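The structure under discussion appears below in the form of structure tokens.
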Amino acid sequence: MSKEITPRSDDYSQWYIDLVRKAGLADYSAVKGCMVIKPYGFGIWENMRDALDRMFKDTGHVNAYFPLFIPKSFLSKEAAHIEGFAKECAVVTHYRLKNAEDGSGVIVDPDAKLEEELIVRPTSETIIWNTYRDWIQSYRDLPLLINQWANVVRWEMRTRLFLRTAEFLWQEGHTAHASKEEAEQEARTMLDVYADFAENWMALPVIKGVKTENERFAGAVDTYCIEALMQDGWALQAGTSHFLGQNFAKAFDVQFSTKDNTLEYVWATSWGVSTRLMGALVMAHSDDEGLVLPPRLAPTQVVIVPIPKPLPELEDIAQKIASDLKGLGIRVKIDTDDQNRPGYKFAEYEKLGIPVRLGLGKRDLENGTIEVARRDTKEKSSVAIDGIAQHIAGLLDEIQQNMFNRALAFRNEHTTSVDTWDEFVHVLETKRGFISAHWDGTSETETAIKEQTKATIRCIPLDAVEEDGACILTGKPSKRRVLFARAY
RNA sequence: CGGGGUGUAGCGUAGCCCGGUUAGCGCGUCUGCUUUGGGAGCAGAAGGUCGCAGGUUCGAAUCCUGCCACCCCGACCA
């Protein structure tokens, strides 16, 4: 049991905060609502970013970068879009400071007021579509498949490290297509990429679905999402992909000449995942001792702890094992620190979530073995040093798979089908998790359910089967079940 | 923006009601020695504008006034 981290059973929310801070992922900053991502946390994010970036490139996308600042007038061009973001925009009004005459410090120079105020991007659709107008003339210019890695600002009232901060890092893909079908396909393809990443890299099972009107992205025709379940039974949206129709093309007048020499508006998508994934990663897998990281994202996958005594042979063996592991592409670290004792180190590496720890001491030297401790199950075993690298490589795969299986089992156990309002409320209060239930398809009903229970419709699963039923609240007819949950 | 709470060393805190030694303790840090297979022991040391600004008083961490910051709970949101 960690001495520093509040147990999940005492206070789940505090456990999360303790973990993020004590494991060195992030810290509060001098700016309210903004965080400092520390090297260890950033290392995990870099691994996520690199994997996603490869997947984007493999699906034909290229990276570019657009400005942080957006002219205010751009944001008012798409009515629904601005409505979604207006309340949380940071605005730049001046471009110069000067020394206060009374010597009290610097003040904003009132003579340096901008003619048109600039908005710090909450998302980049507007500035990008304003640019695309110049880039797209012909069907030959399409499709345009661009992604950008960037920071965005949404001025949130209440923030939580990684899950909701005023500034966060993300990627946003913005694509333009000649046909509706192709754009819809793109939105679905990127949703698949996100699901693939979540499941195979983060070991996080997700449900692919489409958002209801209430939860849809401002300015989108359809919003697709991947939804994950956290250990406290709350849902977390891990990624979104939007089919934007021709909304932004019309707002920014982006037309192209077709093969038939007619002029048409282009079809658009946008899609993104953010540092929020860090929060999902922590809340899906970790325990009261600390982080539990999936091997594919762990900055360090294996740590070797020589149990110190002045034994130079240990160092040599550790180096040899590390070298073999590196040869297999495994990220390994040897702990050469001789100040802290092994017990302290064990606890420390558990807190950091390093998937495999190798303990190497005098006893092992005599037996030709090494102690292998896996983080996900906390099991320890003694393994022959001969052939250890191959063994570890296999073990890392096994841990990755086990973490996914465990999270999937948890989600299955916490997904409940209900057919009555009483059941719905009862499950929500006791067991939590996803609740699969019928809904009459109206925003009014969804809003009423949210007001009464705080539960929202996370998505209409893409694989939902046609099934006649009655809405749990109104009793009106329904054609398929949707997924409800309380959500972050 | 409403309601509640907290500001004392890097971190966590005692003291505050009821003003009065040099502001105490734990963790961490530094030095030395002994240790090292699950969060080491002993000895010594350094480290403080008690959130900020006024006021009351012979005397303020403590009482009064104002301000600031952050946290928690709501409304809003990925």
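Below, chain A is the first sequence line, B the second, and so on; all start at residue 1. The structure displayed is predicted, hence computed values, not measured ones.
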Spacing between Leu163(A) atom CG and C76(B) atom P, to the nearest angstrom: 19 Å
Pairwise P distance for G41(B) and G37(B), with rounding to whole Å: 13 Å
Touch class at under 4.0 angstrom, heavy-atom based, for Lys345(A) against every strand present: nothing
Sugar-phosphate, base or nothing in reach of Asp338(A), heavy atoms under 4.0 Å: nothing
Earlier contact from the 5' end, RNA chain B, for Lys87(A) and Tyr344(A): Tyr344(A)
Sugar-phosphate, base or nothing in reach of Gln237(A), heavy atoms under 4.0 Å: sugar-phosphate
Test of ring centre spacing under 6.0 Å for Trp271(A) and His61(A): yes
Options A78(B), G38(B), G37(B), nucleotide nearest the side-chain atoms of Asp364(A): G37(B)
Heavy-atom donor-acceptor pair, Lys380(A) side-chain to G38(B) base, under 3.5 Å: yes
Atom pairs, protein N/O to nucleotides 7-9 of chain B N/O, distance under 3.5 Å:
none

C1' gap between C27(B) and A14(B), integer Å: 15 Å
Donor-acceptor pair under 3.5 Å, Arg341(A) side chain vs G41(B) base: no
Separation of the C1' atoms in C63(B) and C11(B), to the nearest angstrom: 30 Å
Centroid separation Phe162(A) to Trp45(A) less than 6.0 Å: no
Sugar-phosphate only, base, or nothing, as touched by Glu350(A) at under 4.0 Å among non-hydrogen atoms: base
N/O donor-acceptor pair, side chain Glu371(A) with base G38(B), under 3.5 angstrom: no
Sugar-phosphate, base or nothing in reach of Thr165(A), heavy atoms under 4.0 Å: base
Touch class at under 4.0 angstrom, heavy-atom based, for Phe168(A) against every strand present: base
Separation of the C1' atoms in A23(B) and G19(B), to the nearest angstrom: 14 Å
Sugar-phosphate only, base, or nothing, as touched by Arg21(A) at under 4.0 Å among non-hydrogen atoms: nothing
Paired nucleotide for G2(B) [Watson-Crick or G-U wobble; both distances under 3.5 Å]: C73(B)
Check: Asn130(A) side chain, Phe252(A) main-chain N or O, donor-acceptor pair, under 3.5 Å: no
Salt-bridge criterion met for Lys351(A) and Asp18(A) (N-O under 4.0 Å): no
Pair Arg432(A)-Thr430(A), side-chain donor/acceptor within less than 3.5 Å: no
Sugar-phosphate, base or nothing in reach of Leu236(A), heavy atoms under 4.0 Å: nothing
Pair of N/O donor and acceptor under 3.5 Å linking G39(B) base with Asn340(A) side chain: no
Whichever of Lys211(A) and Lys22(A) has its nearest RNA chain B nucleotide further upstream toward 5': Lys22(A)
Pairwise C1' distance for U56(B) and C71(B), with rounding to whole Å: 32 Å
G12(B) and C72(B), which share atom name P, separated by this distance in whole Å: 14 Å
Spacing of CE belonging to Met230(A) relative to OH belonging to Tyr16(A), to within rounding of 0.5 Å: 10.0 Å
Side-chain touch Gln231(A)/Trp15(A), heavy atoms, less than 4.5 angstrom: yes
Residues Lys38(A) and Asp27(A) bridged, charged N to O under 4.0 Å: yes
Cation over ring face, Arg154(A) and Trp170(A), 6.0 Å, 45°: yes
Nearest-angstrom distance, P atom, G3(B) to A46(B): 48 Å
Protein-nucleotide distance (Arg164(A), atom CZ; A75(B), atom C1'), rounded to Å: 13 Å
